[in-house]
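Here the structure is laid out as structure tokens; the discussion comes afterwards.
Basis for what follows: all heavy atoms, side chains included, without hydrogens, waters or symmetry-related copies. These figures come from a predicted structure and were not determined experimentally.
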Amino acid sequence: MRSTFQEQQELTVQSMNAYGPKYDHWVFAWSGGKDSTATLTFVLYLIESGQIKSPKKITVLLADTRLELTPLWMSAMLICDQLRNRSIRVDIVTASIEDRFFVYMFGKGVPPPSNTFRWCTPKLKIDPMMKHLERLYKSKGEKFLLITGVRQGESAARDGRISMSCGKDGAECGQGWYQLTAPDSICDKLAPILHWRVCSVWDWLKIFAPMAKYGAWKTEQVADSYGGDEAEEKNARTGCVGCNLASKDLSLLLTIKNPFWAYLAPLLRLREIYAELKKPHNRLRKTELQIKKDGDLAKNQNRMGPLTFEARLWGLQQVRDIENDINTIAEREGKPTISLINNQEESAIRRMISNNTWPQGWDGTEKKGDEPFLQRFNDGTSQPDLFFDIT
């Protein structure tokens, strides 16, 4: 039998009262998405309504990938204002400029992410957040409680990771929501809405949180990034806009169905750009025999690698064109503008290109991916490649 929303809330209150008082400092890991936003606003409501005791200090860490869908990011900015008005510290965490998505791709030449080389998540999200958490720990030298929006049921893969941690270090509810083995032992982690159903998340964000008695949080706009009134039924996963690792960018497709946000449609071209950049004529290829340090032959002979300088400059211009197309309409209609690549990032990209920057193990002397080459096999044999793959 499924639990009711009230029962789910009560369990959250119990978990916060059980573990929260052990820490003077609570840190919220906030992505701006539905689950972390529900977690943040609900826990703060519990404090303001006297259901749980406030710690001595609260810090909110907002992850800024620079690729958030516009309505979602605008909602986050509105909530940031509300947090600061409550004297809550908000730190916006962004990757160093060299590791930002377009700088890493067009400046360093790393091809768009793939399911076998998903470099975007650690570069844009995990590494910057971990560095910031370490700085918070060093500033006081005390472990803090890291509150996350992890919720069971988001995906089979995530549920698998959650169940693997079940019962670890004495977790009480058998769902792994109190994890003591946090990175470098600088903090302990609590996922207080792990047991919430998705309909409960939407009820909180769309109905309760905006009400004055629950904090008057500006959370309604979050739904625009997940399908508006169809959010619960569609349950569109929102990550980086234009993500080429998803089968389709459902959140963007649903967002531009809203007449107000229709001007964001040029963002759909991002996936086309990434697909083009992956093609051999835009990349270099290793055509010499690749031998590992131990003397064995490398498994991935004739592998394709980084983007050529021509491809990088082409991609840079294409992204800038998308930005310009959107902002021209936005300025004319008085709507929010976007920033995919800012001037500082473009300067970094052009500087890295002029400095002949390549990923480790490449120097730019390699052949282009679409040039004929001697196809090498792992047994050391080879043959001329006459019909090379261009997918």
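Taking the ring centre of Phe260 as origin, the terminal cationic atom of Lys335 falls inside the region bounded by 6.0 Å and 45° from the ring axis. A cation-pi contact links Arg86 to Trp217, judged by a cut-off of 6.0 Å to the six-membered ring centre and 45° from its axis. Both tests pass for Arg312 against the ring of Trp358: distance under 6.0 Å to the centre and angle within 45° of the axis. Both tests do not hold together for Lys108 against Trp362: distance to the six-membered ring centre under 6.0 Å, angle to the ring axis within 45°.
A donor and an acceptor atom, one from each side chain of Asp363 and Thr365, are located under 3.5 Å apart. Side-chain atoms of His281 and Glu310 include no donor-acceptor pair closer than 3.5 Å. Residues Ser251 and Asp249 have side chains that bring a donor and an acceptor to within less than 3.5 angstrom of each other. When only modelled atom types and interatomic distance are considered, Thr219 and Thr37 share no side-chain donor-acceptor pair under 3.5 Å.
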Q. Should Lys138 and Glu134 be marked as a salt bridge (charged side-chain N to carboxylate O under 4.0 Å, His left out) after you check the CA-CA gap, both sets of side-chain angles, and the distance that decides it?
A. CA-CA 6 Å; Lys138 290 177 181 178; Glu134 289 170 0; 5.2 Å; no

(Q) Quick one, Glu323 with Asn327, criterion side-chain hydrogen bond (donor to acceptor under 3.5 Å, both in side chains). Give me CA distance, side-chain angles, the key distance, then yes/no. (A) CA-CA 6 Å; Glu323 188 177 81; Asn327 289 341; 4.9 Å; no

**Q.** Stepwise side-chain contact (heavy atoms from CB on, under 4.5 Å) test for Gln344 and Ile97
**A.** CA-CA 8 Å; Gln344 184 186 22; Ile97 193 163; 3.3 Å; yes

Q: List the steps, then state whether side-chain contact (heavy atoms from CB on, under 4.5 Å) holds for Trp196 with Asp203.
A: CA-CA 11 Å; Trp196 283 28; Asp203 282 348; over 6 Å; no

Q.
Please evaluate residues Phe42 and Phe5 with respect to the criterion ring pair (Phe, Tyr, Trp, His ring centres under 6.0 Å), reporting the C-alpha separation (whole Å), side-chain torsions for both, the decisive distance (0.1 Å), and the verdict.
A. CA-CA 13 Å; Phe42 185 71; Phe5 187 20; 7.2 Å; no

Q: Give the intermediate values and the outcome of side-chain contact (heavy atoms from CB on, under 4.5 Å) for residues Thr70 and Trp261.
A: CA-CA 9 Å; Thr70 305; Trp261 298 110; 3.8 Å; yes

Q: Start with the C-alpha gap between Thr4 and Gln6, add the side-chain angles, then the distance that decides, and say whether side-chain hydrogen bond (donor to acceptor under 3.5 Å, both in side chains) holds.
A: CA-CA 5 Å; Thr4 65; Gln6 183 177 356; 5.4 Å; no

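Using a 4.5 Å heavy-atom threshold, the side chains of Arg285 and Arg303 count as separate. No side-chain heavy atom of Arg66 sits less than 4.5 Å from a side-chain heavy atom of Ile341. Inter-residue side-chain proximity for Pro111 and Arg283 is flagged as met; some heavy-atom pair is nearer than 4.5 Å. Looking at Asn282 and Lys368, their side chains never come closer than 4.5 Å, going by heavy atoms from C-beta outward.
Contacts of Phe28 classified as ring pair (Phe, Tyr, Trp, His ring centres under 6.0 Å), with partners at least two apart in sequence or in another chain: none.
For Phe144 and Trp26, the ring centers are positioned 6.0 Å apart or more. Taking the six-membered ring for Trp, Phe309 and Trp314 have ring centres at least 6.0 Å apart.
The aromatic rings of Tyr104 and Trp119 sit tilted relative to each other, their planes meeting at an angle between 30° and 60°. Ring geometry, Tyr214 versus Phe208: the interplanar angle exceeds 60°, so the pair is classed perpendicular (tilted spans 30 to 60°).
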